Amino acid sequence: MNEVRIDKWMWATRLFKTRTLAAEACKKNRVSIGDVGVKPSRMIRVGEVLQIRKPPITFSFKVLDLSEHRMAAKLVPQYLENVTPAAQYELLEMSKISGFVDRARGLGRPTKKDRRELEQFTDFGLPEDFDFGTDEEV
């Protein structure tokens with residue numbers, strides 16, 4: 001076996017849960033070889049490096065061996081090598097850490113600090129016996 005369809009190989013090596021998901025990723029230009037998007041029917045060879053974009057990072061895998069059949073997870077290292085740069089993993093960590101820290105002001109549920117600032121803003125400091133005069137007859 002010299003060549004295998006890329007969607008079958010990605011499914012067989014457990015990069016995607018189903019072959020349909022692997023094919024959709026190819027169609028949406030999330031899978032590339034040498035910075036060129038590939039179709040699901042593209043045949044791959046041993047030694048090629050493919051990039052898979054799963055936002056926020058791009059994973060890179062080198063093809064070590066070919067298979068069309070789904071395999072046990074412990075056999076996957078015989079078929080691919082993860083060559084993703086460390087900078088991509090740092091990007092992933094930063095996005096996990098900054099989950100709610102970078103919440104844009106005014107979006108989502110107000111924080112305790114927001115609530116306290118709103119209460120301070122709406123508190124006019126009027127005496128409790130102050131009457132706005134709404135009960136007066138005109």
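Everything quoted here is computed from the prediction, not taken from an experiment.
- Listed by chain and number, the hydrophobic cluster partners of Val49 are Val83, where partners are ILVMFWY side chains within reach of under 4.5 Å, directly or through others.
- Hydrophobic cluster membership is shared by Met10 and Met71, with clusters built from Ile, Leu, Val, Met, Phe, Trp and Tyr side chains linked at under 4.5 angstrom.
- Between Tyr79 and Phe61 the shortest side-chain heavy-atom distance does not fall below 4.5 Å.
- Looking at heavy atoms from C-beta onward, Val76 lies out of side-chain contact with Leu15 at the 4.5 angstrom threshold.
- Side-chain contact between Ile44 and Glu3 is absent, with no heavy-atom pair separated by less than 4.5 Å.
- Here the side chain of Gln88 pairs a donor or acceptor atom with the backbone of Thr58 at under 3.5 angstrom.
- The shortest heavy-atom contact between Asp65 and Val46 is CA-CG2, 4.1 Å.
- At a threshold of 4.0 Å, the pair Glu48-Arg42 counts as salt-bridged, since one of the basic side-chain nitrogens sits closer than that to a carboxylate oxygen.
- A heavy-atom distance below 4.5 Å is not found between the side chains of Ile52 and Arg30.
- Between Val4 and Ser67, the shortest heavy-atom contact is CG1-O, 3.8 Å.
- For Asn2, the side-chain contact (heavy atoms from CB on, under 4.5 Å) criterion is met by no residue, not counting sequence neighbours.
- Side-chain contact between Leu80 and Leu64 is absent, with no heavy atoms from C-beta onward closer than 4.5 Å.
- A distance of 10.5 Å separates CG in Leu66 from OG1 in Thr13, rounded to the nearest 0.5 Å.
- Looking at heavy atoms from C-beta onward, Leu50 lies out of side-chain contact with Ser60 at the 4.5 angstrom threshold.
- Within a 6.0 Å radius of CZ in Arg115, other residues, nucleotides and ligands contribute more than 12 heavy atoms.
- Atom CH2 of Trp11 is separated from atom NE2 of His69 by 8.5 Å, given to the nearest 0.5 angstrom.
- When side chains are defined from C-beta on, Phe16 counts as touching Lys54, because their heavy atoms get closer than 4.5 Å.
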Solution key, residues 20-28 side-chain donor-acceptor pairs under 3.5 Å, sequence neighbours excluded:
none

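- Lys39 has its side chain out of reach of Asp7: every pair of non-hydrogen atoms, C-beta onward, lies at least 4.5 Å apart.
- In this structure a side-chain-to-backbone donor-acceptor pair under 3.5 Å is missing from Arg70 to Lys8.
- With 3.5 Å as the limit, one finds a donor-acceptor pair spanning the side chains of Asp114 and Thr111.
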